[in-house]
Amino acid sequence: MFEKEQQVIEEKIQAYCVENDIPLVELKWQPIPFSGEWGISTSFFATAAAEAKAGKSKGLPVPARAQEMAEAARQFIGVAPGISHGEAVKGYLNLYFSTAEYARRVVDTILADGPRFGAGHPKHERVMVEYAQPNTHHSFHIGHYRNTILGESLARIVQFAGFETIRASYPGDLGLGVITVLWAYEKFYKGQEPTDIHERGQWLLKIYAEATNLLSEKENETSAEKAQRETYDGERREMYRKWDAGDPAVRQLWLETRAWSLEELRDILMLMDVQIDVWFYESEVDEPSKKIVDELIARGIASDERPAGPVIVKIDEKLGLAKEKYRVAVILRSDGTSLYLTKDLALARDKFEKFQANRSVYVVDNRQSLHFQQAFKILELWGFKQAEKCFHLAYGFVSLPEGAMSARRGRVVLFKEVYDEAIQRVLTVIAEKNPTMAAGERVGVAQKIGMGALAYSMLSVDNNKDMVFDINDALSFDGHTGPYIQNAVVRANSILRKSKIGGQTAETLGPAHFDFSLTTHEIELIEQMSRFSGVVQQAANEYRPLLVAVYAYDLANTFHSFYHAVPVLQTDDETIKMARLRLVASARQVLTNALNLLAISAPDVM
RNA sequence: GCUCCCGUAGCUCAAUGGAUAGAGCAGCAGCCUUCUAAGCUGUUGGUUGUGGGUUCGAAUCCCGCCGGGGGCGCCA
């Protein structure tokens with residue numbers, strides 16, 4: 001936020017080094033990492049080490065020489081604009097800001113920029129983020145939720161950082177699993193249909209689990225049971241064949257039941273405040289993907305082993321690798337039908353060519369790492385330049401305390417169940433903690449808090465870590481949680497609500513003066529808020545919503561401490577009161593902006 | 001066999017080459033006639049799985065080993 005001042009100082013340090021024949025390596029600035037102190041610092045270790053290597057050192061150990069340089073640089077810089085004083089400590093040069101001036105500038109900027117505070121400059125680059133890829137004919141479970149909240153948060157962060165952003169969903173509407181549901185529905189449940197959107201979606205999952213059970217080989221099964229099972233399987237295969245041949249009745253049934261799943265999905269996305277820009281369906285890239293296979297065969301990249309075997313790409317061999325790494329990938333079944341991998345080839349191309357993406361991020365769990373490595377390598381072999389702009393953002397999969405989730409066995413935790421439970425639990429807490437809250441307001445508040453708790457529990461764990469979903473942890477409202485951060489916003493609100501002065505609010509009152517003795521709580525608050533845009537950029541560059549989640553918590557923590565220790569409305573001095581009111585309004589704004597990047601909104605009261 | 005991910009306080013997790021490895025939960029001791037106690041303050045708790053290496057400096061990078069999980073020719 002203070003680029004100009006920083007640049008002036010950098011130039012001075014560079015001048016100092018030139019004058020003294022010091023090979024300056026880098027100037028990496030970081031905030032002074034001590035709470036309640038405000039400024040920037042840089043170390044001289046790298047430069048001192050470089051000097052020693054170049055044989056220019058005077059025989060001093062690196063740390064001592066770094067300290068010497070820091071001290072000399074401090075003296076050389078002397079008086080710099082915006083800097084109150086400097087100090088050289090343990091090889092670091094610490095420069096402290098002129099508090100009053102910066103405090104005012106930070107607060108004024110936040111209140112002027114409002115919801116845009118922290119946003120990056122336009123990057124003139126378009127990023128497509130693909131997430132929310134549940135299979136149809138199943139129901140949306142808590143693993144899909146991790147995927148979706150991660151993708152949505154990433155999309156918001158990338159967009160806020162200044163990239164043009166396209167949100168893409170890719171439901172799996174094809175394959176044996178889907179056909180299994182169609183078969184069982186037609187055979188056992190035809191004509192039935194629950195009316196509620198969620199009941200209907202969940203019912204399909206139940207049918208799937210039942211059907212899988214009927215079709216699985218049992219231990220000690222009798223010959224009659226075996227015959228029964230094989231008959232069923234034959235019927236299912238026949239259903240698949242009909243689908244592939246475009247049989248109107250089967251296609252009609254497929255579209256109808258698919259719509260049930262998609263309606264449920266859209267309803268959940270609405271609850272999550274997710275708006276998808278582009279819907280891809282596996283069924284739509286099915287045909288185009290087969291054409292790519294033909295081309296790969298024609299160009300000798302793929303080997304066609306039909307009819308005895310499938311169409312394969314021997315990736316390691318093509319790359320001339322000695323050890324097996326990308327293996328052999330099957331890109332077309334021997335019967336000519338496409339696979340998941342086949343379709344991803346066509347989809348990748350469409351993303352860049354039809355939607356003019358410059359980068360393509362796939363938010364998919366880490367069990368599919370090999371799949372994407374293969375897909376990207378095949379694209380590369382095919383000569384598709386943008387293959388290098390494809391990035392698989394892998395995240396650890398979600399399991400349950402009793403083991404992995406399994407749709408087949410019906411052992412899943414559905415998102416909707418957790419959502420309903422969340423609201424019930426929050427309503428209980430409201431009844432206990434805020435009994436005066438208006439009845440009509442409670443459900444809306446409960447939704448925000450419940451969703452905040454859930455979202456934060458997912459986003460506050462780094463994406464590459466596997467996670468065991470425990471509903472009690474996920475719906476905790478104390479400590480390191482979403483509601484803790486929401487509560488900071490609510491407390492700020494409460495102060496501001498009571499602060500109205502002649503119809504004016506803290507935002508509309510003019511600039512406040514901070515030239516009084518600030519407490520460490522105030523300094524820390526201002527320091528953290530000034531770092532927000534840097535956090536956004538880093539999170540966008542590294543595709544890591546976690547960084548924003550951590551930031552939001554730290555800021556809320558600082559605000560809670562401030563709230564407890566520093567009086568605002570009870571301050572007698574009007575100047576200080578104004579300044580603090582604007583500080584509170586700023587904190588509320590930055591917290592709100594950060595929460596928004598996590599797809600969390602704070603209620604007005606809680 | 002090959003390959004990917006993980007291992008940090010009793011538990012769940014931060015810190016990804018820099019200053020004193022930090023939070024939450026659990027435990028202990030305090031704080032509501034004072035802007036919302038879903039909060040605040042204090043405190044207990046660490047040989048960062050292990051052995052080497054690189055570096056002025058390693059939880060972080062490299063190699064080996066141990067432990068856990070995932071993936072590997074016609075599932076998605």
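On a predicted model such as this, the values are computed, not experimentally measured, just so you know. FYI, side chains are in, hydrogens and waters are out, and symmetry mates aren't considered; it's all heavy atoms of this structure.
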Distance check, P atoms only: B/rG64 and B/rG1, in whole angstrom units. 14 Å
Short side-chain N/O contact to B/rG17 OP1/OP2 from A/K28, under 4.0 Å: no
Do A/R411 and A/E402 meet the salt-bridge criterion of a basic N to acidic O distance under 4.0 Å? no
Identify which nucleotide among B/rG1, B/rG69, B/rC5 has an atom closest to any side-chain atom of A/E324, counting heavy atoms from C-beta outward. B/rG1
hbond_proxy A/S41 side chain to B/rA19 base (donor-acceptor, 3.5 Å cutoff): yes
For B/rC74, does the base pair up with any side-chain atom of A/S334 as donor and acceptor (N or O, under 3.5 Å, distance only)? yes
Which nucleotide in the set B/rC35, B/rG7, B/rA15 lies at the smallest distance from any side-chain heavy atom of A/L547? B/rA15
So, is A/N366 near the phosphate of B/rG71, with a side-chain N or O under 4.0 Å from OP1 or OP2? no
Any N/O pairs under 3.5 Å between the protein and nucleotides 26-28 of chain B? List them or say none.
none

Under 30°, 30 to 60°, or over 60°: which ring-plane class applies to A/H480 and A/Y456, parallel, tilted or perpendicular? perpendicular
Answer with base, sugar-phosphate or nothing: what part of the nucleic acid does A/E305 contact at a heavy-atom distance below 4.0 Å? nothing
Decide if the gap between the ring center of A/H137 and the ring center of A/Y208 is smaller than 6.0 angstrom. no
Which way is the base of B/rG73 turned, syn or anti, if we draw the line at 90° from 0? syn
Describe the nucleic acid contact of A/P33 in one word from base, sugar-phosphate, nothing, applying a heavy-atom distance below 4.0 Å. base
Should A/K314 be listed as having a side-chain N or O under 4.0 Å from OP1 or OP2 of B/rG73? no
Whether A/K323 contacts B/rG1 is assessed here as follows: a side-chain N or O lying under 4.0 Å from the phosphate OP1 or OP2. Is that the case? no
Quick one, A/V605 and A/E441 - any side-chain contact, counting heavy atoms below 4.5 Å? yes
B/rC13: pairing nucleotide in any strand, Watson-Crick or G-U under 3.5 angstrom: B/rG22
Of the nucleotides B/rC35, B/rA19, B/rC5, which one has an atom closest to the side chain of A/Q570? B/rC35
Any idea which of B/rA19, B/rC5, B/rA15 is nearest the A/Q30 side chain? B/rA19
Within less than 4.0 Å of OP1 or OP2 of B/rU20, is there a side-chain N or O belonging to A/K90? yes
Could you check whether A/R544 gets within reach of a base, just the sugar-phosphate, or nothing at all, counting any heavy atom under 4.0 Å? sugar-phosphate
What nucleotide among B/rC56, B/rA19, B/rC75 has an atom nearest to a side-chain atom of A/R333? B/rC75
Closest-nucleotide ordering on RNA chain B, the 5'-leading residue of A/T337 and A/S369: A/S369
So what does A/D365 hit on the nucleic acid, given a heavy-atom distance under 4.0 Å: a base, only sugar-phosphate, or nothing? nothing
Write down the protein N/O and nucleotide N/O pairs, taken from nucleotides 38-42 of chain B, whose separation is under 3.5 Å; answer none if there are no such pairs.
from, atom 1, to, atom 2, distance (Å)
B/rA38, OP2, A/K433, NZ, 3.1
B/rA38, O2', A/N487, OD1, 3.2
B/rG39, OP1, A/G479, N, 2.9
B/rG39, OP2, A/D478, OD1, 3.4
B/rG39, O2', A/R491, NH1, 2.4
B/rG39, O2', A/R491, NH2, 3.4
B/rC40, OP1, A/Y484, OH, 2.5
B/rC40, O2', A/H564, ND1, 2.7
B/rU41, OP1, A/S561, OG, 3.0

Check the surroundings of atom CG in A/N472: do more than 12 heavy atoms from other residues, nucleotides or ligands lie under 6.0 Å from it? yes
Starting at the 5' end of RNA chain B and moving along, which residue's nearest nucleotide shows up first, A/I32 or A/A49? A/I32
Check every strand shown and say whether A/L176 touches a base, only sugar-phosphate, or nothing at a heavy-atom separation below 4.0 Å. nothing
Quick one: do the A/D344 and A/T342 side chains pair a donor with an acceptor below 3.5 Å? no
Using the ring-ring contact (aromatic ring centres under 6.0 Å, His included) rule, pick out the option among A/F280, A/Y395, A/F372 that qualifies with A/Y362. A/F372
Between B/rC2, B/rC35, B/rC6, which nucleotide gets closest to the side-chain atoms of A/R327? B/rC2
Are the ring centres of A/F559 and A/H521 closer than 6.0 Å? no
Polar contact flag, side-chain donor to acceptor under 3.5 angstrom, A/D554-A/Q528: no
Going by atom types only, do A/Y170 and A/E282 share a side-chain donor-acceptor pair under 3.5 Å? no
Does the side chain of A/V489 reach to within under 4.5 Å of the side chain of A/L595, using non-hydrogen atoms? yes
Within 90° of 0 counts as syn, otherwise anti: where does B/rC32 fall? syn
Only pairs with both distances under 3.5 Å count, Watson-Crick or wobble alike; so what is the partner of B/rU41 in this structure? B/rA29
